Colleague: 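To start, I am sharing the structure in question, which I have written as structure tokens.
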Amino acid sequence: MDGINLNALSENATRLGMRIQETIAEHTRDLSLTRGGSSLFDMADDKAKNITKQLESSSDREKLDAMKRLIALISKNRPVSSYFPAVVKNVASPNLELRKLVYIYLLRCAPSEPDLALLSINTFQRDLADPSPLIRAMALRVLSGIRVPTVATIVLMAVRKSAADPSPYVRKAAALAVIKVYKVDQAHHPTLLDIMTILLRDRSPLSLGTAVLALDTIAPSRLDLLHVHFRRLCRALPDIDAWGQVDVLRVLVRYVRTMLPKPVPASERQGEEVDKDLKLLLACAEPLFMNKNPAVVLAVARAFYYLAPSSMLSKISAPLLRLLSVSREVERVALAYLLVVARSHPVLFITSHNRFLVRVDDAEQVKRRKISVLLALCTVDNHQTLLREFMDYAQDTDDSVVGDAIHAIGRIASLVPSSTPQCLTALMGMINSKQDTIVSNAVLVLKSLVQNQLLTPSSTSTTTLPTPFSSQQALLTSYIPSLTPSISTSLSAAPLSFTSTESTSVAQAPLSIIAQLAQRIDDIRHPHARACVLWLVGQYGSVTGTKTTVEGVADWAPDVLRKAARSFNTEASLVKLQTLTLAAKLILLAPTHRTLVLLAQYVFTLARYDEDWDVRDRARMLRTLLVGAVTGIMGSNDEEGIGENWNKEEQAGRPGVVLRREQVTRVLFEGKTGTIEEELVADARPLGTLSLVMESESLHLHDDDDDETVIDLPEWLEQGIDPALRDSDDDAPQVALSVQAISSQAISSQRVPTPTGSTVVLTPIGGSTPKDTKDWRDLNKFYASESESEDEEEEEEEEEEEEEVEVEEGSGIGEDSGEDEETSDDEEDEEEHDPSSSHERTS
Amino acid sequence: MAIDGLIILDPTGRPIIQSSYTTYPAAYPLLHIEALNNALAKAPREGSVDPVIYVEELSCSSACCHVEVGGMRFLATISGDVDPLIAFAFLDAFTEILQDYFGVVSVATLKDNFDIVYQLLEETLDSSGHPLTTSPNLLSDIVLSPSLISKLLASVSPATPGVPSVRQGGSFGSNGASGAFTSPIPWRKAGVRHNHNEILFDVVEEMRGIVGKNGTTLVSNVFGKIESNSKLSGTPDLTLTFTNPNVMTDCAFHPCVRLQKWTRDNALSFVPPEGRFILADYQYRPPQSAVVSNVPIPLSLKANMDMGEFGGTFALTLTSRLIKVMENLELKFYLGEDATSAQCTLSSAGSSVGSVGSADGSWSFNSRTKTLQWEILNMRSSGSWILRGSWTSKIKAPRPAHAFQIRFEIPSYSFSSLKVDQLRLSSETYKMYKGVRMRSKGSIEWRW
């Protein structure tokens with residue numbers, strides 16, 4: 001015996017040796033070309049002719065080579081469907097590597113060759129019974145990925161079979177197949193729902209996540225199917241893989257919002273009232289904050305943000321901040337979410353506002369979002385720091401960032417009124433900058449600040465916080481109502497009232513700001529900014545003092561009109577319009593001043609022949625308005641002809657209402673509202689969505705398949721549903737423990753490290769698989785023992801503690817029957833609902 | 001409604017590899033590629049492209065999320081109102097897998113192994129748009145790595161049943177399928193055997209800080225990472241304890257770490273995956289947790305800037321505040337898009353060690369990125385390095401960045417002085433070699 005064995009062995013060994021030599025020789029050829037992949041990839045197209053021949057050769061190496069060529073062709077978007085028949089022959093090849101390439105090919109080409117694809121179906125069906133879970137899973141994936149409607153029934157059968165496969169990996173593939181079948185043909189909805197009830201009962205956290213995802217995809221409204229699974233899903237959450245955690249959390253958030261009562265915030269009489277199932281979910285989800293996957297962290301944060309009582313909300317701040325340091329890309333997305341949270345709950349991040357400081361190497365999007373977040377976190381305590389920051393950001397090389405930063409300074413002034421003098425000083429400093437962007441943005445912001453200050457003293461003082469500066473603020477704004485032309489206040493008197501506290505505020509009295517802007521009109525080139533200055537000069541250029549050269553008009557105003565008139569032809573329409581307004585206002589203030597009226601006439605005449613009809617209209621309107629108030633505006637000696645004609649035609653059509661000067665003053669100067677601060681509208685879009693990240697209202701979901709996952713966040717219900725519906729036998733503690741056998745979450749303290757021989761986790765390679773597949777090859781038996789095989793499968797996973805498994809099997813019978821009852825209930829439900837729903841879909 | 005697919009673009013913006021878009025119109029992937037290439041072309045400077053690009057041409061809402069890997073662009077297309085973080089997490093996982101398989105991820109390695117990349121793509125991303133198997137340990141059972149041994153194994157015909165698996169433990173035989181999907185631990189492959197058991201930890205800490213104009217530290221945080229490389233047989237159950245675990249805060253862990261144990265005992269208890277993985281991320285919490293939690297910045301910069309018309313002059317003085325040697329120090333200064341040239345002189349002053357030559361560093365001006373770069377290979381403690389120079393610009397009022405970017409590395413140093421107490425192995429009896437290394441780097445923005 002021994003001798004024979006030895007002989008056979010040595011024979012085998014020599015054969016093996018030769019074989020290995022051969023292959024080494026073969027492959028060193030390959031390797032000398034660094035695996036030859038690159039040469040295959042960049043192969044010329046004419047070599048593609050050999051592919052069919054190679055595919056039909058007997059050597060696996062040749063076939064592999066051919067398949068690689070084919071895939072290279074695919075990635076270059078060349079047509080490859082002509083090779084379909086040759087490829088299909090290899091679908092049952094014993095060489096796994098070859099077969100995988102064939103699968104890849106089939107998945108890409110099957111939809112275009114449905115008839116030929118049918119040829120391969122048999123092989124896949126056979127593969128579904130392969131002992132290796134890998135082959136089974138792959139076969140199912142290819143089968144469901146072929147997307148040929150005619151084979152849907154076969155695929156459905158395969159999915160149903162795989163849904164009860166002993167391997168969780170295959171069950172995972174089954175859940176994904178459910179989604180794919182559904183997408184190809186929605187008529188199978190009832191059958192698929194049926195399969196879902198099997199899949200949802202899954203004990204393995206490996207496949208549970210995908211099962212929930214599948215349910216969410218094919219029947220997003222059937223949250224009721226989750227009642228009995230809710231608690232188990234919560235407990236299994238830590239063990240589900242990261243992608244599954246994201247999906248499950250999203251579905252559970254929706255479940256809680258539709259099924260559980262809203263947490264009642266704490267009142268003086270009683271503490272917070274939180275449903276115990278919600279507590280369970282939050283408790284199970286909280287450790288996931290420590291997950292490495294940013295999507296999971298966000299999913300948990302999202303659950304807390306939308307579900308947790310306010311007392312628990314603080315838990316989300318640190319994990320969300322951590323996302324900022326993961327990578328540039330994650331930072332970009334996370335900032336969009338952080339902005340929403342920071343706006344609604346600034347308290348969460350106020351202490352860590354320095355995490356949002358802008359770096360010069362940040363992307364533009366990131367910079368702008370950071371500025372918005374910083375603004376949302378602005379308080380009386382940190383506004384000094386933020387103001388300094390924003391002043392730094394105004395030096396940025398990105399124009400949009402500069403704009404945002406300067407506008408942010410304006411926002412600080414209105415958020416923390418006591419800081420207004422500082423903000424004004426900062427902005428006035430920017431007026432002197434050499435950079436156009438800085439100047440024009442500063443002007444825009446100054447304009448709205450000054451205007452708001454001058455117009456709405458009451459609103460400013462009501463928002464004023466009780467700080468030492470507020471009194472000064474009140475002073476600053478107190479004389480403002482007196483600025484309308486009818487009431488007199490001396491401009492020179494105004495600064496005197498500010499000598500007390502801060503010298504800066506003296507310089508920044510609103511009117512002196514306008515004066516400074518007026519003097520710098522030549523340096524302000526941005527049309528929008530120029531228009532602003534012109535408007536400000538016109539609106540607030542009235543003075544009833546004595547010392548001015550032009551009676552009733554501030555000293556700096558007429559020159560602005562002169563400069564604007566000189567460059568009128570080269571200005572943008574926006575500036576032209578404001579020049580007209582300025583001219584009208586100034587001559588109204590000083591109707592007798594010859595030079596001013598001439599200037600105004602000049603401007604009006606230019607405007608009359610302007611290209612822009614808005615400008616022409618405005619000129620005509622203003623001129624008509626002023627007819628009664630200013631003499632000679634309708635045309636004077638030097639442009640007689642035009643004026644006369646114009647006069648005639650105009651007066652002919654006019655019913656003769658001529659406004660007096662006081663009336664025109666009212667029309668032109670009063671009734672101006674302050675600039676409306678952009679309201680920070682609470683964002684309606686939920687966290688974790690693309691539309692929030694892109695800040696685009698126009699984003700819409702697929703219209704064609706609105707049956708797909710609904711991410712929308714439903715409103716809380718008035719009352720939750722009966723919590724008893726969520727009761728299930730799963731709540732028995734030992735089940736939870738067994739699920740966590742491989743857990744990263746729970747180290748079972750009672751788990752004694754076993755010495756060599758029996759490892760902690762037994763691998764079921766040897767014994768279990770054949771046993772299962774024996775049942776499993778016989779379909780009838782298989783269906784009959786569906787629940788049993790499930791138990792067996794559990795056993796595989798939990799062999800680490802024999803006793804426990806036994807206990808569980810003991811209780812398992814009762815458990816299963818209980819579960820069966822429940823599923824049958826569910827199925828009845830479906831029968832009520834499904835015909836209608838499928839009807840809707842088919843119609 | 002999920003990740004529709006993944007496309008890999010070469011440095012010139014042409015697709016090399018793309019997943020199948022069979023259920024989408026043919027133009028779908030092309031539109032995304034075009035949108036990305038357009039955005040890249042328009043970007044004023046490097047890194048300023050929005051990582052999420054909304055593709056408007058399509059009737060449905062769709063965006064492309066992209067990252068740069070080894071000069072290439074990996075882009076994941078998403079549709080529907082899905083969280084872009086999922087796409088980025090997936091791209092990250094996929095890149096990690098490629099690194100695991102090919103070592104270096106470059107155009108050359110991907111083209112050489114395109115068949116493997118396709119297989120990986122098929123296994124990691126299901127055609128329904130959901131990530132499938134992303135654990136490198138599991139994948140290695142399904143998709144063979146391109147190493148010589150597995151190539152040989154793959155080509156030996158399965159008809160010879162007597163072939164002993166070259167890999168001890170026989171996790172995959174000639175048809176490669178028997179071992180796949182059998183491991184009960186999703187992140188660890190079953191039946192690993194090593195003659196020499198070892199596990200190495202690299203603690204890498206990175207300081208990120210911003211220093212204001214007046215030299216005060218506005219913010220500085222240290223983020224640490226424990227990178228591990230495990231070559232252990234069987235199913236090793238490890239417990240890693242630290243003498244000062246309280247310096248770690250805001251941790252994130254590899255799925256193998258038992259979170260409850262960490263919360264309870266501040267000990268890392270885990271069954272590691274095989275090969276390289278990142279065990280934990282943390283943020284360093286300085287012990288004197290006063291109001292200001294800034295970590296001191298180990299260097300200082302004095303900048304004298306003089307902005308003129310059509311350019312400016314500068315004098316920068318760098319001083320180390322650390323006893324250890326800082327390496328590969330690199331200072332970058334963006335001179336604005338209209339900058340044309342720069343001229344600099346280098347000197348060092350008061351260096352006690354006395355140094356000459358290349359160690360003092362070098363400077364260069366990149367006319368494409370408009371960035372001035374100053375490098376010092378070895379920066380010893382005490383002593384200062386000075387860079388004086390001027391630059392010219394096409395426009396009258398030049399617009400350089402208002403801050404310098406400083407990067408540096410400090411070998412065998414950690415800001416947190418995190419110390420491993422011990423590493424215990426239970427459930428296996430062999431002796432293993434353990435190693436811990438420290439490394440630090442920094443990235444400081446210094447405003448002027």
Side-chain angles (χ1 to χ4, degrees), chain A residues 12 23 27 34-35 37-38 41 68 75 94 96-97 100 104 108 111 132-135 145 169 176 179-180 243 287 290 292-295 298 318 322 325 329-330 332-333 354 357 359-360 363 365 395 397 434 688-691 693-694 699 702 708 711 742 744 747 753 756 759-761 763 765, chain B residues 1 17 20 22 48 50-52 54 60-61 63 67 81 83-86 88-89 111-115 118-119 122 126-128 131 151-152 154-155 158 162 175-177 180-182 184-185 190 210 219 223 235 250-253 255 258-261 269 397 399 401-403 426-427 429 445:
Chain A
N12 271 342
T23 43
H27 276 275
T34 53
R35 280 201 75 237
S38 192
F41 191 85
K68 283 185 196 171
S75 63
L96 189 74
E97 228 195 324
K100 279 188 291 194
I104 293 175
R108 298 208 172 206
S132 157
L134 172 64
I135 304 258
Y169 294 98
L176 289 171
I179 300 176
K180 285 180 256 182
W243 314 111
M290 289 189 267
K292 270 188 69 68
N293 191 318
L298 182 88
R322 186 168 64 74
S325 57
E329 292 81 20
V330 171
R332 151 80 175 86
V333 180
N354 61 6
L357 298 190
R359 294 174 69 100
V360 290
Q365 289 293 331
Q395 310 288 320
T397 48
K434 285 178 193 152
T689 56
L690 177 65
S691 50
V693 175
M694 299 315 294
L699 275 182
H702 289 240
E708 286 203 46
I711 289 198
I742 56 157
S744 57
I747 171 153
T756 15
T759 42
V760 176
V761 190
T763 49
I765 317 169
Chain B
M1 211 215 64
I17 283 162
S20 75
T22 42
S48 62
D50 193 349
V52 191
Y54 182 60
C60 59
S61 70
V67 290
D81 225 351
D83 183 5
L85 281 182
I86 299 178
F88 286 119
K111 277 192 174 177
D112 275 350
N113 300 294
F114 72 93
D115 53 321
Y118 270 105
Q119 288 181 39
E122 209 61 52
D126 188 72
S127 51
S128 62
K151 284 312 291 177
L152 286 178
S155 63
N175 69 357
F181 286 160
T182 49
I185 307 179
I210 301 177
V219 61
F223 301 99
T235 311
D250 285 346
C251 301
F253 299 107
R258 297 176 178 108
L259 301 174
Q260 277 184 350
K261 183 92 171 168
S269 159
R399 258 177 107 177
H402 63 102
S426 48
S427 80
T429 49
E445 168 170 320

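Here the structure is a predicted model, which means the values were calculated and not measured. Just so we're on the same page: letters track the sequence lines, and every chain starts at 1.
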Colleague: At a heavy-atom distance under 4.5 Å, which candidate from A/Arg359, A/Gln395, A/Gln365 has the highest pair count against chain B?
Modeller: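 The option with the most such pairs is A/Arg359.
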Colleague: Side-chain contact, heavy-atom cut-off 4.5 Å: A/Val333 with B/Asp83?
Modeller: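 Yes, their side chains come closer than 4.5 Å.
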Colleague: Where on A/Leu357 is there a heavy atom nearer than 4.5 Å to chain B: the side chain, the backbone, both, or neither?
Modeller: both
Colleague: List the atom of B/Arg399, the atom of A/Thr397, and the distance in Å for their closest heavy-atom pair.
Modeller: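 B/Arg399 and A/Thr397 have their closest heavy atoms at O-CG2, 3.2 Å.
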Colleague: Which pair of heavy atoms, one from A/Ala318 and one from B/Asp250, lies closest together, and at what distance?
Modeller: CB-OD1, 3.2 Å
Colleague: Which atoms of A/Lys292 come close to chain B, meaning under 4.5 Å heavy atom to heavy atom: side chain ones, backbone ones, both, or neither?
Modeller: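 Contact with chain B: backbone and side chain both.
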Colleague: Between A/Val330, A/Val360, A/Leu176, which shows the greatest number of heavy-atom pairs under 4.5 Å with chain B?
Modeller: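 Heavy-atom pairs under 4.5 Å are most numerous for A/Val360.
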Colleague: Can you see which heavy atom on A/Arg322 is nearest to which on B/Cys251, and at what distance?
Modeller: NE-O, 4.1 Å
Colleague: Can you tell me which portion of B/Phe88 sits under 4.5 Å from chain A's heavy atoms? Options are side chain, backbone, both or neither.
Modeller: side chain
Colleague: Is any side-chain heavy atom of B/Tyr118 closer than 4.5 Å to a side-chain heavy atom of A/Lys100?
Modeller: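 Result no, sub-4.5 Å side-chain heavy-atom pair not found.
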Colleague: May I ask you to name which of B/Pro131, B/Ala63, B/Ala401, B/Ala403 has the most heavy-atom pairs under 4.5 Å with chain A?
Modeller: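 Top option by heavy-atom pairs under 4.5 Å: B/Pro131.
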Colleague: Grab the two heavy atoms, one from A/Trp243 and one from B/Ala89, that are nearest each other, plus how far apart they are.
Modeller: CH2-C, 3.6 Å
